[in-house]
2 protein chains.
Amino acid sequence: MTSASQRRLEARQAREATLLGLAQRILLEEGYLGLTMDRLASESGYAKGTLYLHFKNKEDLICALLHQFQVHRMELFDRVQGLELPHRARMMALGLAAESFVLGYPENARIEPILKMASLRNKASLERREALEAIETHCMERILGEAQAASLAGELPGPADTVVQPLVLGLWSLHVGFNVLHNLESSCCGPLPPGTPRHPHAAMFPVAQRLLDGYGWRPLSHEFDYSSLRTKLIRERFFAEAGALLES
Amino acid sequence: MTSASQRRLEARQAREATLLGLAQRILLEEGYLGLTMDRLASESGYAKGTLYLHFKNKEDLICALLHQFQVHRMELFDRVQGLELPHRARMMALGLAAESFVLGYPENARIEPILKMASLRNKASLERREALEAIETHCMERILGEAQAASLAGELPGPADTVVQPLVLGLWSLHVGFNVLHNLESSCCGPLPPGTPRHPHAAMFPVAQRLLDGYGWRPLSHEFDYSSLRTKLIRERFFAEAGALLES
DNA sequence: GCTTAACTTGACGGACCGTCACAATCTGAC
DNA sequence: GTCAGATTGTGACGGTCCGTCAAGTTAAGC
């Protein structure tokens, strides 16, 4: 029946959510090496075979976890749309959202590199891979949209088709690269230049500003107090759920 | 005595080099999942126990491989020192060297993410981890040195202690993040904005220029033809060994 | 209540890592 | 030349973890 299969479906989804929540907890407490399918099975109370009804394999589970995390990032990104600010200021807010996400969901960085390896990523099911990519694309498009709007409004000089795309790619790369490096540093003083602030995310802010200045995106950093806006958003806990650590 | 132990040591080092070369070949031909200790043992003709005389564990082998690759990058970086050019132009040449490395040693990107995970990186032996970090630091310091020299020469405005370090970190992040994203894209059209050039490395060049412009590093991009210099270096095959693909 | 379909289980096979007791080889003194 | 002792090499083995599947259990429909 409809109601019967409906109930089944809901139960299934609820169980999947439980499993993902548990996986997240194990990941946080025991690290990546502590997260095994056997353990997830025994701690969840379900048999291993049941796990494989939800996840094609371990990489698929990782992919699902990553998806879960990045949904939160997307929500933070979407929140920026409600801010009445110049495009460049909103772009800065997107950067702050990305920072908040990194701080609020440290488990994300623990497992992200796994799927950065093509051979492992391709082991996950197509649906999950596409779902994850869809989220990432959505975030990317928020950034892209802001830059395009600025270009259209004449605040970002130069032809849109040769300026917008590289700029966005640059910002995104900056963010990704930064987190990769920071992730190393926290574990074993990796290849970061000496003197990097304790919250490297805060260190990223001025660099991004310079990049945008380099593109001539108005208002330039000396024409608008982006720094104050940044601290104001933090003080007001605009990204509170994820970025509670931002104030420290 | 000395000559005997000398010979032994040399034989050992030669064997290690053979093993690493073989590992690289397997990695290239079969991908990461094809590279197992058993396989390396059987293909090399040595027993598995012998491998473990050289490498503490698999992560240690990965670390050694990565080290081997990055030595080549360092050599490319060091070559830039011989160029008689403004500091900013030399910085650009360093970027080109990094691109060449990425193109010339694709296996590097295959395994790099593994050690980006702290829990796995820490499994490698301390010596190798430190050796790898030393190389990375060396490359970083080449970049840092160029920026510091520029700052000292008055070509890079602002106080050195608040400008140089973030700038270098930004460039490095840009490079790292770019490669991470590109690596994804090549496998499964990951989260890159549409229209990214086929050789994303070439796409990184103008972004870095804008960033340096944002810092006001003289000569600015409209005061010096960095683009021509770039193509000239490529044409002259200045980084030929690694960057043969650059011309395509 | 009974048949059939859907779901769940955990023992099992297999891949791979890393070890260790034993074997082979080398060294240097006599 | 030879032999004890040290060094180096071996591959079978134990352990961990992944993913499967035949057998068992529950629920649905009639």
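Chain A is the first sequence line, chain B the second, and so forth, proteins listed ahead of strands; every chain is numbered from 1.
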Check your understanding: Do any N or O atoms from the side chain of B/Arg110 and from the backbone of B/Tyr32 form a donor-acceptor pair under 3.5 angstrom?
Key -> no
Review point. Quick check: does any side chain N or O of B/Lys58 sit under 3.5 Å from a backbone N or O of B/Leu35, one acting as donor and the other as acceptor?
Key: yes
**Study point:** Side chain of A/Lys48 - closest among D/dG19, C/dT9, C/dT19
**Key:** D/dG19
Check your understanding: Does NZ or CZ of B/Arg142 lie under 6.0 Å from the centre of the six-membered ring of B/Phe77, at an angle within 45° of the ring axis?
Key -> no
Study note, to complete from the structure: Looking only at heavy atoms, the pair that brings A/Cys63 and A/Ala124 closest together is CB-CB, 4.1 Å
Exercise for review: For B/Tyr52 and D/dG11, give me the distance from atom OH to atom P, rounded to whole Å.
Suggested key: 16 Å
Review point. Should B/Phe178 and A/Leu169 count as side-chain neighbours, where that means a heavy-atom distance under 4.5 Å?
Key: yes
Review point. Does OP1 or OP2 of D/dT8 have a side-chain N or O of B/Arg15 closer than 4.0 Å?
Key: no
Practice item. Indicate, with a heavy-atom threshold strictly under 4.0 Å, whether A/Arg12 touches base, sugar-phosphate, or nothing. Key: nothing
Review point. Listed in order of residue number, which residues of residues 53-64 of chain B have a non-hydrogen atom at under 4.0 Å from DNA chain C?
Key: B/Asn57, B/Lys58
Tabulate atom names and distances for all N/O pairs under 3.5 angstrom spanning the protein and nucleotides 24-27 of chain D.
unit_1 : atom_1 : unit_2 : atom_2 : d
D/dA27 : O3'    : A/Arg8 : NH2    : 3.4

Review point. Hey, is the main chain of A/Val102 close enough, under 3.5 Å, to the side chain of A/Asn179 for a donor-acceptor pair?
Key: no
Check your understanding: Taking A/Tyr105 as the fixed residue, which of A/Arg73, A/Gln70, A/Gln68, A/His72 is the one that meets the side chain to side chain contact (heavy atoms under 4.5 Å, CB included) rule?
Key -> A/His72
Check your understanding: When you measure from the side chain of A/Arg12 to the backbone N and O of A/Leu53, does any donor-acceptor pair fall under 3.5 Å?
Key -> yes
Exercise for review: State which of C/dG10, C/dT19, D/dG19 makes the closest approach to the side chain of A/Ala47.
Suggested key: C/dG10
**Study point:** Phosphate-side-chain proximity, A/Thr50 and C/dT9, N/O vs OP1/OP2 below 4.0 Å
**Key:** yes
Practice item. Could you check B/Arg128, B/Glu136, B/Arg129 and say which one makes a side chain to side chain contact (heavy atoms under 4.5 Å, CB included) with B/Leu132? Key: B/Glu136
Exercise for review: State, to 0.1 Å, how close A/Leu94 and A/Ile143 come at their nearest heavy-atom pair, and which atoms those are.
Suggested key: CD1-CA, 3.9 Å
Check your understanding: Between residues 29-41 of chain B and DNA chain D, which residues have a heavy-atom gap below 4.0 Å?
Key -> none
Exercise for review: Begin from the C-alpha positions of B/Glu133 and B/Arg121 and carry the test salt bridge (Lys or Arg N to Asp or Glu O under 4.0 Å) through to its verdict.
Suggested key: CA-CA 11 Å; B/Glu133 278 165 24; B/Arg121 174 177 269 245; 3.1 Å; yes
Revision key, fill the gap. In whole angstroms, the gap separating P of C/dC20 from CG of B/Leu51 amounts to 17 Å
